[in-house]
**Q** 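Quick one: the structure is below, and I'll ask about it shortly.
A quick note: this is a predicted structure, and the numbers were derived from the prediction, not measured.
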Amino acid sequence: MKAALLPDRGVVKVAGDAARKFLDGLVTSDVDKVTPGTPRFAALLTPQGKILFDFIIVEAPAEDGGGFFLDCPRALAASLVERLNFYKLRAKVIAEDLSEVLGVLAVWDGSGTTEYGLTYPDPRLPALGQRCMLPPHLAGEAAEELDADLVEPARYEAHRIALGVPRGGLDFVYGDAYPHETDMDQLAGVDFDKGCYVGQEVVSRVEHRGSGRTRIVPIEYESFAPEAGVPVTAGETQLGTIGSSAAGHGLARLRLDRVEEALAAGRPLVAGGIAIRIVRPSWAKFAWPGEAKAAE
């Protein structure tokens, strides 16, 4: 089992009598389904349906003081608090950035428990393992109690990339991508049966019309990795751009209809002069280029 303290992650606390209802009216997942030990992956969108912030919503047990803790990008934590306060109005809710005192430890290739922090499964994908919110200086003690090897964050990044799970800021730009494009609908980040939330109409329209043509998908390459941000092309046609990569695996944001045309014509996919190939992840249920229909 391995563990890594993730320097890019921050923590925002949302507490108060109306906290659950408040969050549920804003985010893409059903907060009524969040319980201690059962977190949800979610996003706060623009009214036009694009992702401003994504995070994992965790509820603390009542005996530990309760409240909701958002495992979010640290660089966006202060802006997330500001946006939550913008929507708060008269709701009995307090939002605060705790990123200076709490961090996030990722644990994978096994499972366990520790008394050093708030432990929860990653709701996006079982293979991503567990996470633990804790004071960063206790990461070593927590890893030891979990019987996990404390490794560099790059090891976790390689694990995430190999699983094909996008990361905001690297694989897409916040404020410029829809949930379907970042695979949130595939990774338990959107509840299509819940009530209204900011941007819901756009997300529902994409889902029911099947109109999402752009997706972040896993790729593989040999030898050197293509640089992040370089275009992916097939002949003279641009298909998208490269995101994060590590150890022969990567992610790319691609127009899948153009990829399908390229594959049908026998045109190879290239990024920065490097040949790449798309690889269907086990969790993907959307129509895959070259296949007749979506997986059941």
**Q** Quick check on side chain to side chain contact (heavy atoms under 4.5 Å, CB included): which of Met1, Arg155, Arg160 does Trp108 satisfy it with?
**A** Arg155
**Q** So, are Asp8 and Arg74 salt-bridged, with charged N and O less than 4.0 Å apart?
**A** no
**Q** Take atom CG of Asp147 as the centre, draw a 6.0 Å sphere, and report whether it contains more than 12 heavy atoms from other residues, nucleotides or ligands.
**A** no
**Q** Locate the shortest heavy-atom distance separating Leu187 from Pro166; write the atom from each residue and the value.
**A** CD1-CD, 4.0 Å
**Q** Could you tell me whether the side chain of Asp24 and the main chain of Val31 form a donor-acceptor pair under 3.5 Å?
**A** yes
**Q** So does Gln238 get a backbone contact from the side chain of Thr233, meaning a donor-acceptor N/O pair under 3.5 Å?
**A** no
**Q** Which residue, Asp30, Asp191, Asp71, forms the salt bridge (charged side-chain N to carboxylate O under 4.0 Å, His left out) with Arg40?
**A** Asp191
**Q** Is the backbone of Gly189 close enough, under 3.5 Å, to the side chain of Ser29 for a donor and an acceptor to pair up by distance?
**A** yes
**Q** Honestly, is Arg124 close enough over Phe41, meaning NZ or CZ under 6.0 Å from the six-membered ring centre and within 45° of the axis?
**A** yes
**Q** When you compare the side chain of Phe22 with that of Leu84, does any pair of heavy atoms fall below 4.5 Å?
**A** yes
**Q** For the aromatic rings, using the six-membered ring if either is Trp, is the centroid distance between Phe53 and Phe55 under 6.0 Å?
**A** no
**Q** Heavy atoms only: give me the nearest Trp288-Pro218 pair and the separation to one decimal.
**A** CH2-CD, 4.5 Å
**Q** With heavy-atom distances below 4.5 Å as the criterion, would you say the side chains of Pro73 and Arg9 are in contact?
**A** yes
**Q** Looking at side-chain heavy atoms only, is the closest gap between Val217 and Leu251 below 4.5 Å?
**A** no
**Q** Would you say the side-chain atoms of Asp64 pair up with the backbone N or O of Ala60, donor to acceptor, closer than 3.5 Å?
**A** no
**Q** Can we say Asp149 and Lys2 salt-bridge, meaning some charged N sits less than 4.0 Å from an Asp/Glu carboxylate O?
**A** no
**Q** May I ask you to decide if Ala43's main-chain N or O and Thr28's side chain share a donor-acceptor pair within less than 3.5 Å?
**A** yes
**Q** Could you check if a side-chain atom of Ile57 sits within less than 4.5 angstrom of a side-chain atom of Pro39, using non-hydrogen atoms only?
**A** no
**Q** I'd like to know if the side chain of Gln186 and the backbone of Lys285 have a donor-acceptor N/O pair within less than 3.5 Å.
**A** yes
**Q** Take a 6.0 Å sphere around CD of Glu82 and say whether it holds more than 12 heavy atoms from other residues, nucleotides or ligands.
**A** no
**Q** Between Arg20 and Val34 (side chain of the first, backbone of the second, donor and acceptor by atom type, cut-off under 3.5 Å), is there such a pair?
**A** yes
**Q** Please check this pair: side chain of Thr46 against backbone of Lys50, looking for a donor-acceptor N/O pair closer than 3.5 Å.
**A** yes
**Q** Taking all non-hydrogen atoms of both residues, which atom of Tyr116 and which atom of Leu138 are closest, and how far apart?
**A** CD2-CD1, 4.0 Å
**Q** Going from CG on Leu256 to CD on Glu181, what distance comes out if it is rounded to the nearest 0.5 angstrom?
**A** 10.5 Å
**Q** Decide whether a cation-pi geometry holds between Arg215 and Phe286; the criteria are a distance under 6.0 Å from NZ or CZ to the six-membered ring centre and an angle within 45° of the ring axis.
**A** yes
**Q** Can you establish whether the number of heavy atoms outside Glu63 located under 6.0 Å from its atom CD is more than 12?
**A** yes
**Q** Any ion pair linking Arg277 and Glu222 (charged N to carboxylate O, less than 4.0 Å)?
**A** yes
**Q** Distance from Thr214 atom OG1 to Leu254 atom CG, nearest 0.5 Å?
**A** 8.5 Å
**Q** Above 12 or not: heavy atoms from other molecules or residues under 6.0 Å from CG of Leu98?
**A** yes
**Q** Report yes if the side chains of Arg280 and Glu291 come closer than 4.5 Å at any heavy-atom pair, otherwise no.
**A** yes
**Q** Counting only heavy atoms not in Lys194, do more than 12 sit closer than 6.0 Å to its NZ atom?
**A** yes
**Q** Quick one: closest heavy-atom pair of Ala148 and Ala3, and the distance?
**A** CB-CB, 4.0 Å
**Q** Would you say the side-chain atoms of Thr182 pair up with the backbone N or O of Pro179, donor to acceptor, closer than 3.5 Å?
**A** yes
**Q** Are Met184 and Leu170 grouped together when hydrophobic residues (ILVMFWY) are joined by side-chain heavy atoms under 4.5 angstrom apart?
**A** no
**Q** Side chains of Tyr156 and Leu6: closer than 4.5 Å at any heavy-atom pair?
**A** yes
**Q** Any side-chain heavy-atom pair from Ile219 and Ile278 closer than 4.5 angstrom?
**A** yes
**Q** Within a 6.0 Å radius of atom CD on Glu145, are there more than 12 heavy atoms belonging to other residues, nucleotides or ligands?
**A** yes
**Q** Minimum heavy-atom separation for Val203 to His180, with atom names?
**A** O-CE1, 3.5 Å
**Q** Which atoms form the tightest heavy-atom contact between Thr119 and Cys132, and what is the distance?
**A** OG1-SG, 3.6 Å
**Q** Are any non-hydrogen side-chain atoms of Ile276 and Val270 less than 4.5 angstrom apart?
**A** no
**Q** Are the side chain of Ser99 and the backbone N or O of Val11 linked by a donor-acceptor pair below 3.5 Å?
**A** yes
